[in-house]
Amino acid sequence: MRLILSSIVLFAATLANAIPGVLIIQEKMPADRFGDPNVAVANSLAEAMQNEGLYAPVVWSFTDPIFRAAISEGLVKSTENVPSLEQAQEVAKKLKLDTIIFVRAYQFGNAVMGRIQLYKNGKLVWKDPIKGTEVMDPSQKADPVVGTNKQGQPTKTYEKPKTIQTEDRSISVVGPEGLNLEDSGMSLVRTWVQLIKSGPLKGQSTQPRILTPPPLPGTQPANVEPIVPKVKPMVDNKQLLSDLDAMIRGGQSVQAILILRDAVDAEPQDVERRIALVKTLLLMSQPELAANEARRAALLIPEKVELRAMAARAWMQAGREDEAMADLNEAVARDPNSMETRLLLAEVNLSKLRPQQAIEHLDAVIKEKPSADAWYKHALCQTLLGKKDEAIADLAKAKEIGLTAGSQESAVRYGATLDVLDKSLMELGNELRNLFSRAQVRRTDPEVKEGHSKAKVLVAAWTGFLATMAGPNLHRSSHDRRVLALNLLTQSLNDMGTYLATNDEELFADARINMGQALKEFSSAQTSYRNEIGGTAKGVGT
């Protein structure tokens, strides 16, 4: 599929059909004698605008996924910390934006000062404050002038308070420990949002973000007829999905997202397109965006419980357990025994390292309709239980049924697997540190031997699992590092086993060294994995 710049529609603007997009840039004030005075407000302003439905924002920052991906794709050449208006206009033009906001916020004495300027098509159309404010001069000396009165007694006099005019707004939110920078910055943001709503955007229809509260347990209504959308002709997405897969493999993930959003707008009731959009966002390591998309789809198509399940999974990846539970409760309330709900409950228990509870749900799914995904998760549960042979057998069943090796499916599955693996090994690392300390003073303690045996079978199970599954080529380096960390742990536990049997202090020292090196290698593997994803959409899922 050929894609030219004229076909690029602003990524963030399509979050809602009629919401305009805006590029937000935070200006920087120079450091003073107290250090960096700047107060970060750009991301908070972007979130507030999106929640209010005023704009679909893109922040000039590497922390913004759209801006970062645009740099990776070559759409943005200059990465100046604070661009000029001309530089910002050039970028905004490429991203199909006609609005730019420059904002600044900084500490000045016992207050936070702020200014915001809104440009449209290169012209200043609104700013705050209009005339600026008068504030106390913080450079004024507070020490009194000591003198004597006519009677020769010592006196103290203070200078008359000095003030200065600024072009910025002054806000102070003071707490028990003095000026609260974060709260003052948020107060500025809330003020600006209200001023923009009543000023330059007065009369514009907005679409505030709607969050669905979790239902109370046991509130599933009886015999509720689902809302069935009007029947539309079937949409053939085969060519679309094939083209998107090729684009992702070619490192054009941003363009793939843009095309998917256009496709979803064209057929808002098409579940396949919405699922593809959520999965692609997950591939770009943007679980929160994916979760919001899945939840939005679930609100539009409530009879599709799998959309709620996808939202909950994405929230879990984003570390937002409260949001995940909200969508999980919705899924359970609508259909507690559906395969999607059962799989979701299994994933929640897996994420919390509760394999026995997860297996109960997976067994129910497999009994009703065996699937490659269910068997794969079953293998993960067996691994957490230290059952190496059973885990490998489950993996073989998953492959036999048809475990998907496609770019999106395998990459999403691999990321979820690493989430479980990393949590498991981090927990094991803490247990091993305690185990080594106890073994040094109570070598023959039965609990020490039991802890050693459990650790050994768990490491063997994970080693077998990683050796059997194939990681994406993009993550080959970090995958090999994880394997090396497991091999070092195996050697450490072997040396420790010999020490427990023989009291060989030299082997115990070797075991400690290998364990430390294993945990260090494991940490390096995590860093390597993050760098491989990094914002470079190149090769995602290959």
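This structure is a prediction, so every number in the text was calculated from the model and none was measured.
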Candidate pair M310 and K279, rule side chain to side chain contact (heavy atoms under 4.5 Å, CB included), full reasoning | CA-CA 9 Å; M310 291 187 76; K279 289 182 176 179; 4.0 Å; yes
Any salt bridge (Lys or Arg N to Asp or Glu O under 4.0 Å) pairs touching residues 427-447, not counting sequence neighbours?
-> R438-E447, R442-D445
Taking atom CD of E505 as the centre, does the number of heavy atoms from other residues, nucleotides or ligands within less than 6.0 Å exceed 12?
-> yes
Which heavy atom in I359 sits nearest to a heavy atom in C381, and how many Å separate them?
-> CG1-CB, 3.3 Å
Show your working on side chain to side chain contact (heavy atoms under 4.5 Å, CB included) between D394 and Y376 and close with a plain yes or no.
-> CA-CA 7 Å; D394 287 349; Y376 183 86; over 6 Å; no
L432 and L493, any side-chain heavy atoms less than 4.5 Å apart = yes
Heavy-atom side-chain proximity of F465 to L395 below 4.5 angstrom | yes
Show which side-chain atoms of residues 517-524 pair as donor or acceptor with protein atoms under 3.5 Å away, not counting sequence neighbours.
| unit_1 | atom_1 | unit_2 | atom_2 | d |
| --- | --- | --- | --- | --- |
| E521 | OE2 | R481 | NH1 | 2.7 |
| S524 | OG | K520 | O | 3.2 |

Name all residues meeting the salt bridge (Lys or Arg N to Asp or Glu O under 4.0 Å) criterion together with R482; count only those two or more places apart in sequence or in a different chain, and write none if there are none.
-> D422
Would you please test K94 and V76 for side chain to side chain contact (heavy atoms under 4.5 Å, CB included) and show each step?
-> CA-CA 8 Å; K94 291 179 180 178; V76 179; 5.9 Å; no
So, does R274 use its side chain to make a donor-acceptor pair with the main chain of P268 at under 3.5 Å?
-> yes
Set of residues satisfying ring pair (Phe, Tyr, Trp, His ring centres under 6.0 Å) with respect to H361, sequence neighbours excluded = none
Contacts table for residues 343-357: side-chain donor-acceptor under 3.5 angstrom, sequence neighbours left out:
| unit_1 | atom_1 | unit_2 | atom_2 | d |
| --- | --- | --- | --- | --- |
| E347 | OE1 | R313 | NE | 2.3 |
| E347 | OE2 | R313 | NE | 2.6 |
| E347 | OE2 | R313 | NH2 | 3.3 |
| E347 | OE2 | K377 | NZ | 3.4 |
| N349 | OD1 | R354 | NE | 3.0 |
| N349 | OD1 | R354 | NH2 | 3.1 |
| N349 | ND2 | L345 | O | 2.9 |
| S351 | OG | K423 | NZ | 2.8 |
| K352 | NZ | E321 | OE2 | 2.6 |

Between Y499 and F436, does the ring centre distance come in under 6.0 Å?
-> no
Using the side chain to side chain contact (heavy atoms under 4.5 Å, CB included) rule, take D64 and I24 through it: C-alpha gap first, then chi angles, then the decisive distance, then the call.
-> CA-CA 11 Å; D64 186 287; I24 299 176; over 6 Å; no
Output all residues satisfying side-chain contact (heavy atoms from CB on, under 4.5 Å) with S44, sequence neighbours left out; order by chain, then residue number.
-> M186, V189
